[in-house]
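Structure, as structure tokens:
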Amino acid sequence: MIRSWTLALAFAMGLTMFSGVAATHLVAAQDTPTADAPTAADPESDRAQSFRAMTGPATEDVPGGALLIGAYALVWLFVLLLILRIGSVSRRVGIDLARLERSLADHEEG
Amino acid sequence: MTEPLPIRASAPKPAAAAQGGTAGMLWPALWGVTVLLMGISLYEIFFVAPAEVQMGIVQKIFYFHVPSAYAMYVGFVTAGVASGVYLARRDERWDAIAVAGAEVGLAFCIIVLTTGPLWARKAWGVWWAWDPRLTTTLLAGMIYVAFVSLRGSGAAGQVEKRFAAGLAVLGLPVLVVIHYSVQRWRGQHPTVITSRGGGLAASMYPAFFLSLAAFTALVALLIWARTRVERQRQRVLALEMLATERDLMEGDE
């Protein structure tokens, strides 16, 4: 049951990859700048030609320091989770190994 | 579920033997180098490297976002190459390296995909954009999620192992696509470091290269540790097969 589920998941992932790469290529091909839709690559000309009213809050404060600390914390959170996983697998394997070696040694002696 | 694991010359050694010799000396040395480099790079990033003139302090995410991406490449390439060798030779040592590379690479892929949006929120005004590099990185991550899903339980049979190895090999071309996606498809992802010389200020290079060295040591350390554990897990499977043959596993659950 688990095997067929994981195989299906793996197949879906592969299919997603190919369709995603194709979609990325298509989107990139269509994403050419036009006169009606100024892009982020040319913000100066957009600002020079029109003034537009802001929607939403009048001021927006994106705290760079908090984002930086958050990013650094995330790096170590994921590294720590990986280390904990390695430790957990190692501990479990160690217990199994000791049990099996003991069983086999007892069998040899008996 | 689990098919017999052949016990042969490549069978994993006990933990005590694996830790001896050169490996036993290299292991603490690599730990020491990693911790030292991490400490120095931390100081360089937060106290020495200047803030960027337009983005401000948030640009410093670059110093661990890019090395994380590099560590992701190292992990995934390790998994892909080791899987290719495993498919050719059916040697369990390469399978262990592939599992280690995929897991470690995936961890760094998650780091890349979470630290990037934090920078993008400030620089682009959005958390995520379907930029070619971001999209292909996400797709590469999904391929190795499939690999880790197949192999994570540790009870994979030969069919799952070969299928997962095929996935890892399939992931290698995607890594090339990620690398060249910005140049080829002109996304909005920055390309500061290029072969023609980058747009990085001279005073920013020490922090960047120190961080790159620290992450190189860290990814090597993690792949090594995970490979050792996977070799031990292979030994457990081999001993379980031996015990089953001798009827020692009855009622043992």
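Just so it is clear: chains get the letters A, B, ... in the order the sequence lines come, proteins before strands, and each one is counted from 1.
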Under 3.5 Å, is there a donor-acceptor pair between the side chain of B:Glu160 and the main chain of B:Gly157?
yes
B:Val104 versus chain A, heavy atoms under 4.5 Å apart: side chain, backbone, both or neither?
both
What part of B:Glu103 gets closer than 4.5 Å to chain A, counting heavy atoms only: side chain, backbone, both or neither?
both
Give a yes or no answer on whether the side chain of B:Gln234 reaches the backbone of B:Glu92 with a donor-acceptor pair at less than 3.5 Å.
yes
Please check if the side chain of B:Asp131 supplies one atom and the backbone of B:His189 the other of a donor-acceptor pair under 3.5 Å.
yes
Select one option (side chain, backbone, both, neither) describing which atoms of B:Leu218 are under 4.5 Å from chain A's heavy atoms.
side chain
Under 6.0 Å between the ring centres of A:Tyr72 and B:Phe64?
yes
Quick check: does any side chain N or O of A:Ser90 sit under 3.5 Å from a backbone N or O of A:Ile86, one acting as donor and the other as acceptor?
no
Given the options A:Ile69, A:Val75, A:Ile83, which has more heavy-atom pairs under 4.5 Å with chain B than any of the others?
A:Val75
Does the side chain of B:Leu212 come within less than 4.5 Å of B:Tyr63's, by heavy atoms?
no
Under 4.5 Å from any heavy atom of chain B - which part of A:Leu82
side chain
Please answer whether the main-chain N or O of B:Ala168 pairs with a side-chain N or O of B:Tyr144 as donor and acceptor at a distance below 3.5 Å.
yes
Could you tell me if B:Arg228 sits above the aromatic ring of B:Trp27, with its cationic atom closer than 6.0 Å to the ring centre and no more than 45 degrees from the axis?
yes
Residue-level contacts of residues 51-58 of chain B with chain A, using a heavy-atom cutoff under 4.5 Å
B:Ile57, B:Val58
